[in-house]
Each structure stands twice: as structure tokens, then as C-alpha cells.
Amino acid sequence: MPSSPRRPFFCGNWKLNGTIAESLALATDVRNGVATLRSADVVVAPSFTALHAVAQRLEDGPVAVAAQNCHFEDKGAFTGEVSAPQLADAGCKYVILGHSERRQLFGEVDAAVNLKAKAALRAGLAPIICVGETLAERDAGETLGRVQAQVDAALAGISNPELAKCLIAYEPVWAIGTGRTATPGQAQEVHAFIRARVAAKDAGVAASLRILYGGSMKPDNVRALMAEADVDGGLVGGASLQADSFVRMVKEGS
Ligand code: PGA
């Protein structure tokens, strides 16, 4: 059972996977699998091309839709980008921002994550802001410093009422897609640190902020992670691509 007083939140991050037909099939199976579950928020994040179809399929059901990125301007001459208002128009309620793959492979910097979070909030989307250290940073004892810098930069200039709409995902880079999960203790240390950092801005917002863990979360480790006081859910990659494992994980963790 989760020990957090906050409602568990699980988001499947499908990354660069799935045709529209495959995404619809997976989304439908997830929706059916959690149909009787009342104790958690469940979200799926398909690729851009499948967002609208999946959002329509899931309309009025218990599963919401997230995008995996957005641009920080609402419109204009930005070839190849997708804006937050366009995502809202497609049926999204959430957007994942600052994922480590975007930071590491596509040069996304903290300042861009901040602008994107503001754009998402303007469009009525809830940002899921990802932070986390590399293995080299952890080994050098820089984990908390790195996470602090990422959290502070991402939230700069965001008002407390807007902050109340955000989620933060702690995703140690060394645990993503590697099969190597942070221990519950390692996750709790960083989650508590993030909550304290937000509490310095607004204690009430910090108390209700949902902080997700991401990095090889699976049905067989979700319980131990969710037993930690400041772990409120998961951002799940690999284990979200099969409906049965994702649904099992959500149920185990709720
Ligand atoms: P993983 O990915 O669960 O496959 O490690 C998590 C993520 O990248 O959000």
C-alpha cells in the first residue's frame, strides 16, 4: 500500500513507439484494465501522431492523455515543433517535460524546460517535470545539487497556484531503461529533498505535490517504492508498453 497521503499517479511513457492502431489497442486495454480502479490517476503518453486518436478513444473514461514534449511558444515560425495549445486541442491534459532523453539526446536545457512548463500552464496542461542525475553525478556525490538546480530552474517564475498544478518526476538517468532501479531509500531521499525544496516556496503546495519515481519501475518493485512516504507514483517506460504489466503495476502500487 502507498504510504503517501496523496492520490497515486501513474503515467505510461510510450516514447517513440506505436502506430496509431497499436496505440489505440494499448490504450483500450489499459482503459479496460483499470476500469474498476478508483484509487489512482492513470495517464498514457503516446507519440504525437497518435495523441488525438487515443484521446478520443479514452474520452470520458478514467485514463487521461499526456504528450511527451511541447514547444515553448504558442505558435509561429518554428518548423517541426508542436505547441501546448495544439496538445490541449488534441485532447491532452498533461505534458512530460525535460525528460532526460530530451536533455541528453536533444540538447534540452533547464531554461527551455522552464519556458515549456509556463507554456503548458498557459494552455491549461499540467506539466510533469522530469529531473534526475547521471551516474557520474551520483558517483561524484552531486545528486542533490544537480536535482536542486534542475528543480529551481524548471520552477523559476511559476506562481504558487500554478505550481499546485505541476507534478515532478525524479528519474535517475542511470535507472532509465537499464533494468537498474533506484532503491526505495535512494528514491525517498531525493523525493523528500524535492518536496522540501518546493516547501520553501509554499508548504501547502509541497504537501500536495505529487512526486513520481521513474527508472525501471516494474510490477515487482512498485510496492516497495510506493511504501516510501514521498513516492507518489511512477513515470513508467518499458513496463508501460504491455497493458497487462502496466495495469498490474498500477494496481500493485495503488
Ligand atoms: P523505464 O523508463 O521505465 O523504461 O526505465 C522510464 C522513463 O524514461 O520515463
Side-chain angles (χ1 to χ4, degrees), residues 8-18 22-23 26-27 30 40-48 50-51 63-70 92-108 113 116-117 120 126-135 137-138 143 146-147 150-151 154 166-184 186-187 190-191 194 210-226 228 231-254:
F9 184 106
F10 290 94
C11 178
N13 175 10
W14 297 352
K15 306 192 181 184
L16 206 172
N17 291 290
E22 288 164 350
S23 301
L26 179 53
V30 170
D41 289 333
V42 182
V43 177
V44 294
S47 291
F48 283 132
L51 282 175
V63 180
V65 176
Q68 301 172 18
N69 183 27
C70 72
C92 295
K93 297 277 184 280
Y94 300 89
V95 58
I96 299 167
L97 296 176
H99 190 281
S100 66
E101 286 151 16
R102 297 225 48 86
R103 293 178 190 262
Q104 294 207 308
L105 304 175
F106 303 102
E108 198 161 298
V113 177
K116 290 177 179 205
I128 302 172
I129 298 166
C130 304
V131 299
E133 81 287 359
T134 62
L135 187 56
E137 287 164 343
R138 175 160 284 268
T143 297
R146 183 78 194 105
V147 167
Q150 289 174 325
V151 168
C166 297
L167 296 95
I168 294 180
Y170 169 56
E171 299 209 307
V173 177
W174 46 271
I176 295 177
T178 59
R180 187 175 159 194
T181 316
T183 64
Q186 286 172 324
V190 180
H191 283 229
I194 293 170
R210 286 181 291 182
I211 305 175
L212 316 179
Y213 169 79
S216 301
M217 191 182 244
K218 296 183 280 270
D220 63 2
N221 61 29
V222 66
R223 269 177 185 261
L225 287 159
M226 291 298 288
E228 297 293 338
V231 178
D232 307 313
L235 182 54
V236 187
S240 73
L241 291 173
Q242 304 289 337
D244 57 349
S245 70
F246 184 60
V247 168
R248 197 148 48 89
M249 209 199 53
V250 170
K251 288 183 174 168
E252 290 277 339
S254 303

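Because the structure is predicted, anything quoted here is derived from the model rather than measured. Both ligands and their constituent atoms are indexed starting at 1 by order of listing. Start at 1 with the first residue, then count along the sequence.
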Side-chain donor or acceptor of [X] paired with backbone N/O of [Y] under 3.5 Å:
X      : Y      : value
Arg210 : Leu167 : no
Ser245 : Ala239 : yes
Gln150 : Gly132 : yes
Ser47  : Ala50  : no
Thr134 : Val173 : no

Would you indicate whether the side-chain heavy atoms of [Y] and [X] approach each other to under 4.5 Å?
X      : Y      : answer
Tyr213 : Glu228 : no
Phe9   : Asp232 : no
Met217 : Leu212 : no

Heavy-atom gap Lys218 to ligand 1 smaller than 4.0 Å: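 Heavy atoms of Lys218 never come under 4.0 Å of ligand 1.
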Within-shell test, Ala169 vs ligand 1, heavy atom, strictly < 4.0 Å: no
Protein residue, atom and distance nearest to [atom], heavy-atom basis:
atom                   : result
atom 3 (O) of ligand 1 : Gly237 N, 2.8 Å
atom 4 (O) of ligand 1 : Gly238 N, 2.8 Å
atom 9 (O) of ligand 1 : Glu171 OE2, 2.7 Å

At less than 4.0 angstrom from any non-hydrogen atom of [X], what atoms of ligand 1 do you find?
X      : answer
Lys15  : 2 (O), 7 (C), 8 (O)
Ala175 : 5 (O)
Gly215 : 5 (O)
Leu235 : 6 (C), 9 (O)
His99  : 7 (C), 8 (O), 9 (O)
Asn13  : 9 (O)
Ser216 : 1 (P), 3 (O), 5 (O)

N/O separation below 3.5 Å, Gly177 to ligand 1: yes
Proximity to ligand 1 by part of Ile176, non-hydrogen separation under 4.0 Å: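 Contact part for Ile176 vs ligand 1: both backbone and side chain.
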Ala239 and ligand 1 - part of the residue with a heavy-atom distance under 4.0 Å: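 Near ligand 1, Ala239 shows nothing, with every heavy atom at 4.0 Å or more.
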Heavy atoms of other groups near Leu16 CG, more than 12 under 6.0 Å: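 Check fails, neighbour count at 12 or below.
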Side-chain donor-acceptor contact under 3.5 Å, Gln68 with His99: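 No - no donor-acceptor pair under 3.5 Å links their side chains.
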